Protein chains: 2
Amino acid sequence: MDSTENQPYNVGKYRTPDGAPADIVIFTITRTEKQTAKKSLPYRELMVLLIRRKRWPFAGSWALPGGFGKESETLFETARRELMEETGVADVHLDYLNVYSKPGRDPRGWMISHAFFALVNEKWLEKRKAQDDAEDVKLFTVTEALNELELAFDHREIIADAYRNIQQQMLVTTIAKEFLPELFTLSELYQVIQTVVPEFKETNFIRKITSTQSRKGIIQVACDASGEKLYSNQYSQRPAQLYRFTDYVPDVSIYT
Amino acid sequence: MDSTENQPYNVGKYRTPDGAPADIVIFTITRTEKQTAKKSLPYRELMVLLIRRKRWPFAGSWALPGGFGKESETLFETARRELMEETGVADVHLDYLNVYSKPGRDPRGWMISHAFFALVNEKWLEKRKAQDDAEDVKLFTVTEALNELELAFDHREIIADAYRNIQQQMLVTTIAKEFLPELFTLSELYQVIQTVVPEFKETNFIRKITSTQSRKGIIQVACDASGEKLYSNQYSQRPAQLYRFTDYVPDVSIYT
DNA sequence: TAAATAGTGTCTCTTAGACATTATGGT
DNA sequence: ACCATAATGTCTAAGAGACACTATTTA
């Protein structure tokens, strides 16, 4: 019935995996200023960080950054360590995505891969850019990565899964904050949501998020020490009210 | 930078995991009829299936059913196979939950465990009950499993995670259907939701799910071949309209 | 006729959705 | 004066939430 029961504690008896790698889908949103006469909102694009492989297997292909798990750490720690090595940042949103274990997925042997996804603010990646060899580590748009690139292993599938996941999470949690500064305007927030979920359309977005009972707790107006409201005119002539996220995340339900 | 790059294809060079088990949290909802004079709704309880271990480690403790992954199958297949062995059913809701890799979690060695959860309709487990040794395989309420039982490995943590997950999914997807017959009354649906999420309270539940534009597509009234509406008086004097789930699952969002 | 569930009426206040309008400040 | 973004006004229809009320059977 239960094969756990029948398993010996003699660990050498059966074929065991050849490794447990952690692969990380590192997402960021890049901003590029529009070349207009007046101040305007930047273009934003959802990017994923890839590495060009130097060795067999899949030498020359692009792949997710990653590395092998060790006995002395959890796979989450493996992922965090790899992320640190790759981007130099420690305190970013890092979440487990899925396991990939299709037979033959890695020609090196029986590799059970654990995919994570990280959300990194563009500002952290800027320093890194310079120090790295531009040939080997690069940001691609998600569309590009999924449709135009030769990817190693089953990394296309992993990126596709991660993309689906981040799109869903964007609408159901407050991960938008990972892509925004501490204080932000509502246009910026709206733009970030749309960058990840292009289908997202909300007329009256400002009003809904600020003044409906059920969700106005998500964000709050930013004030300075003396209680004065803070404004930004970075993207517009008319200064826009700045907001910050609270810790509140509303529960969602299809029945309510 | 990328330790995948530095990994040899000589698979024997590093310490590798001693096994990749799949553990399954099998949930079901049991019904027990109330002993009242009149017809009434049954008590329902969310249960989890556990197995009493016979061997070291954790001999005598209760544990999740599970087994070791093989090189020739995905871990999802491992889980499905174990589920089949355990409950005798194949086509049930089975989903990946999380990976558990804390060092030392299994005294037998470096075991990276993959937890799944399955939602099984009570009717499938009924046959099994008889044929199994009641001492070794048993259904427990989730509360009991979490608070009163001595559990093997990190299975308490896994069950707690699975419980959180199923509660969230219950409100955001239509997994309620896994615990219901093909045709059901709205009281049954409401009761199933409340069994998994006790905090769930909706006055006007009937009206909301049947006649609000945005979510009435979730379920539809059940009709017979000639278009007559179907009713059930299993739980009440007054016959109740029967419904079925459609394939439609509304999108949820905290911003909409 | 009472028990137990099924389902509707009604009222108020809030929200959705669509669109028009006004506000601000720099070039 | 005009541009680009910020924000409010206004109107209608729909929905939320509370609670009282009616309906249907059968023991």
Side-chain angles (χ1 to χ4, degrees), chain A residues 31 33-44 171 183-192 194 199-219 221-222 229-243 250-256, chain B residues 31 33-44 171 183-192 194 199-219 221-222 229-243 250-256:
Chain A
R31 275 182 320 190
E33 308 302 328
K34 278 182 201 157
Q35 300 303 337
T36 54
K38 308 294 164 67
K39 284 184 187 176
S40 67
L41 291 164
Y43 289 116
R44 289 179 201 258
L171 298 181
L183 305 182
F184 53 85
T185 67
L186 295 181
S187 309
E188 283 182 285
L189 171 56
Y190 187 69
Q191 227 195 348
V192 163
Q194 280 212 315
E199 303 76 33
F200 184 78
K201 291 262 154 57
E202 273 304 305
T203 56
N204 301 333
F205 178 73
I206 297 184
R207 169 184 285 143
K208 277 166 86 165
I209 202 165
T210 55
S211 60
T212 62
Q213 210 43 280
S214 51
R215 62 177 88 76
K216 71 177 154 200
I218 301 174
I219 56 170
V221 297
K229 289 183 176 177
L230 292 170
Y231 290 87
S232 157
N233 65 345
Q234 184 178 10
Y235 299 123
S236 60
Q237 274 37 54
R238 174 171 174 176
Q241 174 66 55
L242 287 169
Y243 290 83
D251 292 327
V252 287
S253 163
I254 61 172
Y255 298 115
T256 304
Chain B
R31 275 182 321 191
E33 309 301 329
K34 279 182 201 156
Q35 300 303 334
T36 53
K38 307 295 163 69
K39 282 184 189 176
S40 67
L41 291 164
Y43 289 115
R44 290 179 201 258
L171 298 180
L183 305 183
F184 53 88
T185 68
L186 294 181
S187 308
E188 282 181 285
L189 170 57
Y190 187 69
Q191 228 195 350
V192 163
Q194 280 213 313
E199 303 75 32
F200 184 79
K201 291 263 154 58
E202 275 303 305
T203 56
N204 301 332
F205 178 73
I206 297 184
R207 170 184 283 144
K208 279 165 84 165
I209 202 166
T210 55
S211 59
T212 63
Q213 210 44 279
S214 52
R215 63 177 90 74
K216 71 178 154 199
I218 300 173
I219 55 169
V221 298
K229 289 183 177 177
L230 292 170
Y231 291 86
S232 156
N233 66 343
Q234 184 179 8
Y235 299 123
S236 59
Q237 277 35 51
R238 173 170 172 177
Q241 174 66 55
L242 286 169
Y243 291 83
D251 292 326
V252 287
S253 162
I254 61 172
Y255 297 114
T256 306

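Atom set for the values below is all heavy atoms of this structure, side chains included, hydrogens, waters and symmetry mates excluded. Model, not experiment: these values are computed from the prediction. Order of the sequence lines sets the chain letters (A, B, ...), proteins ahead of strands, with each chain counted from 1.
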Practice task
Please say whether more than 12 non-hydrogen atoms of neighbouring residues, nucleotides or ligands are located less than 6.0 Å from OH in B:Tyr43.
Solution key: no
Exercise for the section: Measure the distance from OH on B:Tyr43 to P on C:dT5 and round it to the nearest whole Å. Expected result: 10 Å
Completion exercise
Residues A:Ser232 and A:Leu242: closest non-hydrogen pair is CB-CD2, 3.7 Å
Problem - Point-to-point distance, once rounded to the nearest 0.5 Å, from CG of A:Leu186 to CD of A:Gln191 - result: 12.5 Å
Fill in the blank from the handout: Whole-Å distance, B:Lys201 NZ to D:dC19 P, equals 14 Å
Handout entry: Those residues of residues 202-211 of chain B lying under 4.0 Å from DNA chain C by at least one heavy atom
Key = B:Arg207
Problem - Heavy-atom neighbours of A:Asp251 CG exceed 12 at 6.0 Å - result: no
Practice task
Using heavy atoms to find the nearest nucleotide of DNA chain C for B:Ser40 and A:Thr212 separately, return the residue whose nucleotide is more 5′.
Solution key: B:Ser40
Fill in the blank from the handout: Heavy atoms of A:Thr256 and B:Glu202 approach each other most closely as CG2-OE2, 3.6 Å
Could you go through nucleotides 24-26 of chain D and list every protein N or O atom that sits under 3.5 Å from one of its N or O atoms, giving the distance for each pair?
unit_1	atom_1	unit_2	atom_2	d
D:dT24	O2	B:Arg238	N	3.3

Practice task
Mind calculating the distance between CD (A:Glu33) and P (D:dA4) to the nearest angstrom?
Solution key: 15 Å
Practice task
Have a look at B:Leu186 and say if it touches a base, only the backbone sugar-phosphate, or nothing, with a 4.0 Å heavy-atom cut-off.
Solution key: nothing
Practice task
Calculate, to the nearest 0.5 Å, the distance between atoms CD1 and CZ belonging to B:Ile219 and B:Phe184 respectively.
Solution key: 5.5 Å
Exercise for the section: Measure from CG on A:Leu41 to C1' on D:dA4 and round the result to the nearest Å. Expected result: 9 Å
Practice task
Side-chain contact test, heavy atoms from C-beta onward, threshold under 4.5 Å: evaluate it for A:Phe205 versus A:Leu189 and give yes or no.
Solution key: yes
Practice task
Please state how far atom OH in A:Tyr235 lies from atom C1' in C:dG26, giving the value in whole angstrom units.
Solution key: 18 Å
Practice task
Quick one: pull up OG1 in B:Thr185 and OH in B:Tyr235 and give me the separation to the nearest 0.5 Å.
Solution key: 7.0 Å
